[in-house]
Amino acid sequence: MELLPSLIRMQASCKLFKPCALRSLVSFKIVYYSTIDTHSQTLGSSSSFPSNDDKFVVDSLISIFTKQPFTPNNPELNQLSPKITSQVVESVLKGLNSWKNAQIFFKWALNQPGFKHNSYTYNAMASIYSRTQQSVPLRVLIKDILNSCCTFAPGAFGFLIRCLGNVGLIQEANELFDKMRLIGLCVPNIYSYNCLLEAISKSGSIDLMETRLKEIHSLGLQFDKYTLTPIMQAYCNSGKFEEALSVYNTMHKRGWLDAHIYSMLAVSYCKWGKVDKAFELVERMDNLDIKLNEKTVCVLIHGFLKQSHVAKAVQLFAKLQKAGFTGDVSVYDALIGGLCRNKEIDKAFCLYSEMKELGIQPDVGILTKLLSSCSDTSIIAKLLEEIPEHEDDETVLRLYNAVLKGYSNDGLMDEACHLLQKLMGTKSSTDSLIDTAFKVKRMILPNTASFSIVIDGLLKKGMLDLALSLFIDMQIIACKPNILIYNNLIDELCKSNRLEETFKLMREMKESGLEPTHFTYNSIYGCLCRRKDVAGAIAILKEMHSCGHHPWIKYSTLLVKELCAQGRALEACHFLSNMVQEGFLPDIVSYSAAFSGLINIHEVDKALHLFKDLCSHGHCPDLAAFNIMINGLCKANRLTEVDNLLNEIATRGLFPSVVTYNLIIDGLCKNGSIDKAMLLLSKMLEENREPNVITYTTLMDGLCRAGRPDDALLIWNEMQRKGCTPNRIAFMALIHGLCKCCKPTAALQYLREMERKKMEADQYIYVALLSALLCDLNFPSAFEILREIVDRGFLPGSHDKNYMIVRDAVLKLSKDDRTSSGIQVLIEEGKLPTC
DNA sequence: CCACTATGAT
């Protein structure tokens, strides 16, 4: 793979350009990018100035061979026959209008006594076949060449090879190349090789190219720019990024870069999705005053748009307009399409006006794009005026549908319905803008697509019943609903929990010959799962199984979670085993939800049993499943068993995640093993498992529980130092922890910090602070908190367990000189109930 | 149409 670039580098670093090589390079420059026609003038002509006599012969022959039908025994031919030379034959071939006539003349000339084709006449014929893509006669021609023992100059031979490459006869070109050399009919030079490489690059055969390149090297021929160009092209085409760049760099070093190479690389960057690089290259070309050709510009613009870099495409277009480039309809179509997709309607309309000013007629495609992204009726009316009178019904309906799409996309469903009803003829004309817009146009019955657009629009806005009535309307005018319409209606009915209508629609769907899809079934399955209708879910699973559709994991999981949320984890497990009976093996994710449910109802052993059962039946638990089990064991204080699971995680090639660590740290904290928990924190740091807010919060809570508020504060600072911002829960855990440790003053500071950050603490935090401050005999602060409790509406009712705490506080504060008057005011304002 | 797992308090 690396061989080719290294070879190229090797040669590139050698001393290049003997004087003669330089001369030939200059001449290549002239011919290489010219078309085959001009090429033949450079390399394929034996003499530039035919004599007057020759001119007469040429004209006569052209006229004879152009006349239809051609008669071989034309007496004129006998007179001309002795006068033909290779120059004459060449000129006649170029003057004949069809390859067939040229072929007839070519064969006639061959049979004339004393005449022999040479490399120039062969090339002239080959060029005609090549231009007209006649590969079969071209193949015959090269056989003739080999049999004729006609010698070819290296340049002429290169030309012939290019003719073959042009019609895709790569293998033939390769074989001819070797045979000619072997027989001694040609001694190829670097130009001949360049032509061969160019042909090979078209076939994309990197291997073949490599072989030829080694051959060039071993013959001692020097590479030039035109050797590397096809090589780079081939690399670009086959997506060999590194290699292409390596060739590019070599060419850069040698100063061989030109517009063609730049364009090739820009287009390739575009294909490789590196739009920025492509754009950079275009800018570099701009600075170097190298012009891109129009075709390249179009390719780049289309490429940018395909990668949805609309802005860059527009920018490129503007840049090139300045350079005098005017786009055609297809460029405008692409740009307008991109802008519409990007919802940049104003810019799209700018381009639209621009093209009209330039006299480029917008086509139906452009109108469709603009209409589908526009909902301004007066603009729509203007656009519709563009429709030519003779346009067929199908096209006009496509444009009407685009209008419907535009309205629907912008949620203007009144307008969309109004237009649709007008098309159906169920709405008589009034004076609305829509009517004006469509007055001049023919009335065409809407089709399925029209209804599909409007029904979808209605569904997106939650107007299900209107959508359903349109669905009936369409059937009245004998318009057949398609699967998409059925599915979307069914999905929306399911989301609204309207199951009876759903089933009715599905029946109709089947009767009309449309098979429900996995989407249809899963809409219904999802609805049943949301309803926790286990029996219904199983019934639909049965039906799905019979027609080969699979239930979506998210819905099975949803049902399990919903049941578990109500403590019905055992039923959830039952459902999962029912699924198995129906032939669907639930995913580990659904099982995990069930484990979690079992653990929540303290059925850790059942969960553990099911977990091990699954493992032994080939199910592969993921890390989340392990975490759930670890959580269960931790909460049940069975920490020794956690170790077993950790070992199993390792055996399965998994790695404990932050979640795993957090769970175990929490388990250790709640178990009173705070020091072990702290050790785990250091282990996380060692293993580069970044601790998060939850890790730190868990530890702060644990330290406060262990009566170590100062250590908790150290952790708090450590967390912030690590750039981990505390959330509401972290603040509350710290404040509450400090209160429990009788540090209300410190706790109060953090409450204030929290308030500054616009985070609201729960009621219990205020209550905890209130009692801690009272305990600390800090009555003024306690009063402040009490007032906040009142202001925030956190005053507990008489059945609240905090009621006694607050009542007690009010009593104490009203007896203290510093706060009694404040309490009095609160009571007078009616904010505190008298006790 | 890839979902399941971890922190405070109640």
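Excluded from the calculations below are hydrogen atoms, water molecules and symmetry mates; all remaining heavy atoms, backbone and side chain alike, are included. Chain naming here is simple, since letters A, B, ... match the order of the sequence lines and numbering starts at 1 in each. Please read these numbers as outputs of a predicted model, since none were measured by experiment.
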Asks: Out of dC1(B), dG8(B), dC4(B), which nucleotide sits closest to the side chain of Val589(A)?
Replies: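 It is dC4(B).
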Asks: Nearest whole angstrom, please: distance from the P of dC2(B) to the CH2 of Trp552(A).
Replies: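 Going from Trp552(A) (CH2) to dC2(B) (P), I get 8 Å.
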Asks: Give me the ring orientation class for Phe731(A) and Tyr750(A): parallel if the planes are under 30° apart, tilted from 30 to 60°, perpendicular past 60°.
Replies: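 Rings of Phe731(A) and Tyr750(A): tilted, 30 to 60°.
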Asks: Starting at atom CG of Leu598(A), determine the distance to atom C1' of dC4(B), rounded to an integer number of angstrom.
Replies: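 Those two atoms, CG and C1', are 14 Å apart.
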Asks: Quick one: is dT7(B) close enough that its OP1 or OP2 comes under 4.0 Å of any side-chain N or O from Lys635(A)?
Replies: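 Indeed, a polar side-chain atom of Lys635(A) lies that close.
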Asks: What's the verdict on side chain to side chain contact (heavy atoms under 4.5 Å, CB included) for Lys670(A) and Asn637(A), showing C-alpha distance, side-chain angles and the deciding distance?
Replies: CA-CA 9 Å; Lys670(A) 304 269 156 69; Asn637(A) 232 330; over 6 Å; no
Asks: Could you work out which one of dC4(B), dT7(B), dA9(B) sits closest to the side chain of Tyr764(A)?
Replies: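 So the side chain of Tyr764(A) is nearest to dA9(B).
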Asks: Look up atom CG in Asn692(A) and atom CE in Met719(A), then write down how far apart they are to the nearest 0.5 Å.
Replies: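 Rounded to the nearest 0.5 Å, the CG-CE separation comes to 10.5 Å.
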Asks: Have a look at Leu663(A) and say if it touches a base, only the backbone sugar-phosphate, or nothing, with a 4.0 Å heavy-atom cut-off.
Replies: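 Counting heavy atoms under 4.0 Å across all strands, the contact made by Leu663(A) is with sugar-phosphate only.
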Asks: Please examine the side chains of Lys722(A) and Glu690(A), heavy atoms only from C-beta on, and report whether any two atoms are closer than 4.5 Å.
Replies: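 A side-chain contact exists here, since the closest heavy-atom pair is under 4.5 Å.
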Asks: Between the base of dT7(B) and the side chain of Thr698(A), is there a donor and acceptor pair under 3.5 angstrom?
Replies: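 Absent.
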Asks: Among dG8(B), dC2(B), dT7(B), which nucleotide sits nearest the side chain of Asp701(A)?
Replies: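 Looking only at heavy atoms from C-beta outward on Asp701(A), the closest nucleotide is dG8(B).
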Asks: Counting only side-chain heavy atoms from C-beta out, which of dG8(B), dA3(B), dT5(B) sits nearest to Lys554(A)?
Replies: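 Looking only at side-chain atoms, Lys554(A) lies closest to dA3(B).
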Asks: For Asn727(A) and dA9(B), give me the distance from atom CG to atom C1', rounded to whole Å.
Replies: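 For the pair Asn727(A) CG and dA9(B) C1', the rounded distance is 14 Å.
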Asks: Using ring centroids (six-membered ring only for Trp), state whether Tyr486(A) and Phe471(A) fall under 6.0 Å.
Replies: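 So the answer is yes for these two rings.
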Asks: Nearest whole angstrom, please: distance from the P of dA3(B) to the CG of Leu585(A).
Replies: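 Checked: the CG to P distance equals 20 Å.
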Asks: State whether His736(A) places a side-chain N or O below 4.0 Å from either non-bridging phosphate oxygen (OP1 or OP2) of dG8(B).
Replies: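 No, outside the criterion.
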Asks: What is the distance from CD of Glu562(A) to P of dA3(B), rounded to the nearest Å?
Replies: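 Computing the Glu562(A):CD to dA3(B):P distance gives 16 Å.
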Asks: Nearest to the Arg705(A) side chain among dA9(B), dA3(B), dA6(B), which nucleotide is it?
Replies: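 Nearest nucleotide to the side chain: dA9(B).
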Asks: Between dT5(B), dA3(B), dA9(B), which nucleotide gets closest to the side-chain atoms of Ala624(A)?
Replies: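 That would be dT5(B).
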Asks: Separation of Asn802(A) atom CG from dA9(B) atom C1', in whole Å?
Replies: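 Spelled out: CG on Asn802(A) to C1' on dA9(B) is 11 Å.
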Asks: Quick one: label Asn692(A) by what it contacts on the DNA or RNA (base, sugar-phosphate, nothing), any heavy atom closer than 4.0 Å.
Replies: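 Base, at least one base heavy atom under 4.0 Å.
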Asks: Looking at dT5(B), dA6(B), dT7(B), which one has an atom nearest to any side-chain atom of Lys561(A)?
Replies: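 In terms of side-chain proximity for Lys561(A), the closest of dT5(B), dA6(B), dT7(B) is dT5(B).
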Asks: How about NZ on Lys740(A), more than 12 heavy atoms from neighbouring residues, nucleotides or ligands closer than 6.0 Å, or not?
Replies: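 Result for NZ/Lys740(A): enclosed.
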Asks: Please report, rounded to the nearest Å, how far the C1' atom of dA9(B) is from the CD1 atom of Ile765(A).
Replies: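 From Ile765(A) CD1 to dA9(B) C1': 7 Å.
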Asks: Can a side chain N or O of Lys740(A) be found less than 4.0 Å away from OP1 or OP2 on dG8(B)?
Replies: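 For dG8(B), OP1/OP2 do not have a side-chain N/O of Lys740(A) under 4.0 Å.
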Asks: CG of Leu738(A) versus C1' of dG8(B): gap in Å, rounded?
Replies: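 So the CG-C1' distance, Leu738(A) to dG8(B), works out to 13 Å.
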Asks: NA contact type, His518(A), heavy-atom cut-off 4.0 Å: base, sugar-phosphate, or nothing?
Replies: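 If one applies the 4.0 Å heavy-atom cut-off, His518(A) turns out to touch a base.
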Asks: Select one nucleotide: of dG8(B), dC4(B), dA3(B), the one nearest the side-chain heavy atoms of Ile628(A).
Replies: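 Side chain of Ile628(A) sits closest to dC4(B).
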